[in-house]
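Beneath this line is the structure, given in structure tokens, with notes to follow.
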Amino acid sequence: MKLSARLVAVAAVLATAACAPQTSGNSSSDKDEKTGTLRVWLFQEVNNKPKEQVVDSVLAAFEKAHEDTDVTVEYIPVETRAQRIKAAFNDPKSAPDLIEYGNTDTAGYVKDGGLADITEEFGAWDEAKDTDPTARQSVTVDGKVYGAPYFVGVRALYYRTDVFDELGLDIPKTQAELISTAKAIHTARPEMYGIAVGGAYTYGAMPFIWAHGGELATGKGGSYASAIDSAASRKGIEAYTSLFGDDNCPAAKCAGMGGNDTVTAFASGKAAMAIGGDFSHAAVEAGKVKGKYAVVPLPGVEAGSIAPAFAGGNNLGVLKSTSHRTLAVDLMKRLASKEAQGALFEGMGFLPTFSDVREQVAAKESFVKPFVETLAADTKFVPASPAWARIDSSLVLPTMFQEVVSGKKSVAVASADAAKKMNEAFGSAG
């Protein structure tokens, strides 16, 4: 009897290594078995149940189509993905066949030799033609395709409508107003963060840097130099880190918080504002603030402007070491299909990577509007360099923010140190 899909949830956060292990040379498996067990690693979300339901449905259809084939899915913490996935590249015998990965990791994973080149299969996939160009670019390195876009994501400002009404506050139109409003809320409601922020929330901090004219790095074509210590970038760092303190989000509690932590604080009623993604919608709806919040684009420096958002999102990729390539590619396409992405939007609020599907969901769901506006205004991406995986996994930017909010270093010193580490990574990437 064929077993049903076994879902294995990670019960505890894995210990994070000081740095990601170096990967050894990888080679494609010479096997392409058409039966057996496929292992899949997907990311654990704040509220994972809706995602599991969509995945379960896809797996049921997949297993029905492929006799004597089973799938095990493990939901892994996003924070420790770098260590786990790089270790998998080093040990093909224990590696999964298919992984979900952040779109910032593509170049690094390709350089590590961990992802299979699926250019031919992607080109033959009927639905691929409707993938939006930005999403397609996120799975492409040197003209070759190494995965299927899973969803796109941008962040905007969630705020408590009831708290704003009770305190007679206006929606912030600039980042300066955002900061002053957050502190006013905490003064009036000391049990609540005015805005939940995290020292480990890199993608929540980036819009402050970009809105002030700063950049993470400059360059192109694989050659980059850090710009995190420029005068404009330092202004953005100062703006973001000014939100840490007893007048809003105490550093002792907030310095170690990541993106999921800030969303959880908002959803549970502990914060009046938070920078959350379209993908955070389901978690917020499942929290105590349901019916008492709204979302607007995160304001920029000038009134009426929208802060540039990180063009985020996740992809699905087949590992080069898989011994079930054909099955893994088929499962990847099913999980990333229009139908599945539509269901993920319904369950999680993840924006589809297909232009036509995104237009359909935006037309019927009002909560999508601020995120679509943000996408249309201006989005930015991390440097398209294999070095970014090292910079990210080494926590260069979170360390910089935490050094500032803890008072250990000034913005100038912390950003200069971060720039040095970034440049070392860019230099080693070649």
Side-chain angles (χ1 to χ4, degrees), residues 10 12-26 41-45 74-91 94-96 99-115 138-139 141 146-147 150 153 198-206 209 216-217 222 224-226 228 255-261 310-317 319-321 381-403 414-415 417-430:
V10 174
V13 174
L14 302 171
T16 302
C19 62
Q22 295 298 310
T23 54
S24 60
N26 284 295
W41 287 357
L42 300 177
F43 290 158
Q44 178 86 32
E45 309 296 340
E74 185 174 352
Y75 291 93
I76 66 173
V78 176
E79 293 79 8
T80 55
R81 72 189 189 282
Q83 289 73 30
R84 290 209 66 184
I85 292 175
K86 288 212 171 191
F89 292 167
N90 272 333
D91 185 12
S94 64
I99 61 170
E100 178 179 356
Y101 66 93
N103 61 7
T104 61
D105 296 326
T106 306
Y109 289 171
V110 170
K111 183 182 180 183
D112 289 339
L115 296 177
S138 76
V139 294
V141 177
Y146 292 91
Y150 196 31
Y201 192 10
T202 304
Y203 300 125
M206 285 178 178
I209 294 172
L216 302 178
Y224 289 92
S226 177
I228 198 66
M257 286 169 55
N260 283 354
D261 298 318
F310 166 66
N314 289 354
N315 302 326
L316 296 172
L319 266 66
K320 185 184 290 187
S321 60
F381 198 61
V382 299
S385 166
W388 185 257
R390 173 179 165 184
I391 293 168
D392 191 30
S393 64
S394 298
L395 306 177
V396 173
L397 296 182
T399 298
M400 176 188 70
F401 294 126
Q402 290 163 353
E403 288 173 341
S415 62
D417 289 346
K420 181 180 179 181
K421 294 175 184 176
M422 291 174 70
N423 285 330
E424 289 173 354
F426 288 134
S428 66

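For the numbers below, each heavy atom of this structure counts, side chains included, while hydrogens, waters and symmetry mates do not. Computed from a prediction, not measured in an experiment: that's the story for all the values here.
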Do L216 and S226 have side chains that approach each other closer than 4.5 Å (heavy atoms only, starting at C-beta)?
no

Which heavy atom of A205 sits nearest a heavy atom of F401, and at what distance?
CB-CZ, 3.4 Å

Measuring from Y109:OH to N315:CG, what's the distance to the nearest 0.5 Å?
11.0 Å

Go through the steps for L115 and K320 under the test side-chain contact (heavy atoms from CB on, under 4.5 Å), then give the verdict.
CA-CA 5 Å; L115 296 177; K320 185 184 290 187; over 6 Å; no

For A389, the side-chain contact (heavy atoms from CB on, under 4.5 Å) test, sequence neighbours excluded, returns none

What's the shortest heavy-atom distance between K111 and P386, and which atoms?
CD-CB, 3.5 Å

If every non-hydrogen atom of G256 is compared with every non-hydrogen atom of A200, which pair is closest and at what distance?
O-CB, 4.0 Å

Can you check whether A387's main-chain N or O pairs, donor with acceptor, with S385's side chain at less than 3.5 Å?
yes

Could I get the full list of side-chain contact (heavy atoms from CB on, under 4.5 Å) partners for D261, not counting sequence neighbours?
M257

Answer yes or no: is there a side-chain heavy-atom contact under 4.5 Å between F89 and S321?
no

Kindly determine whether I209 and I228 satisfy side-chain contact (heavy atoms from CB on, under 4.5 Å), including the steps that lead there.
CA-CA 8 Å; I209 294 172; I228 198 66; 3.7 Å; yes

With a 4.5 Å heavy-atom cut-off, do P96 and L319 have their side chains touching?
yes

Provide the closest heavy-atom pair for A418 versus M400 in the form atom of the first, atom of the second, distance.
CB-SD, 3.8 Å

Are Y101 and N314 packed together at the side-chain level, in the sense that at least one heavy-atom pair is separated by less than 4.5 angstrom?
no

Steps toward side-chain contact (heavy atoms from CB on, under 4.5 Å) verdict (K421, S394)
CA-CA 9 Å; K421 294 175 184 176; S394 298; over 6 Å; no

Main chain of P77, side chain of Q44: is a donor-acceptor contact present, judged purely on distance under 3.5 Å?
no

Hey, what do you get for CZ (F381) to CE (M206), rounding to the nearest 0.5 Å?
9.5 Å

Please confirm whether the backbone N or O of V139 pairs with a side-chain atom of T106, one donor and one acceptor, at under 3.5 Å?
no

Side chain to side chain, N103 and Y150, heavy atoms closer than 4.5 Å:
no

side-chain contact (heavy atoms from CB on, under 4.5 Å) with E45: which residues, sequence neighbours excluded?
F43, N48, K51, E100, M348, F350

Rounded to the nearest 0.5 Å, what separation is found between the CG atom of D417 and the CD atom of E403?
6.5 Å

In Å, rounded to the nearest 0.5 Å, how long is the span from OG of S415 to CG of L397?
10.5 Å

Residue list, salt bridge (charged side-chain N to carboxylate O under 4.0 Å, His left out) with R81, at least two apart or on another chain:
D105, D392

Interatomic spacing from CG in L42 to CD in E74 - rounded to 0.5 Å
10.0 Å

CD1/I391 to CE/M422 distance, rounded to the nearest 0.5 angstrom?
4.5 Å

For Y201, the side chain to side chain donor-acceptor pair (under 3.5 Å) test, sequence neighbours excluded, returns R155

Minimum heavy-atom distance between R390 and A425, given as atom pair plus value:
NH1-CA, 3.7 Å

Listed by chain and number, what are the ring pair (Phe, Tyr, Trp, His ring centres under 6.0 Å) partners of Y203, not counting sequence neighbours?
F310

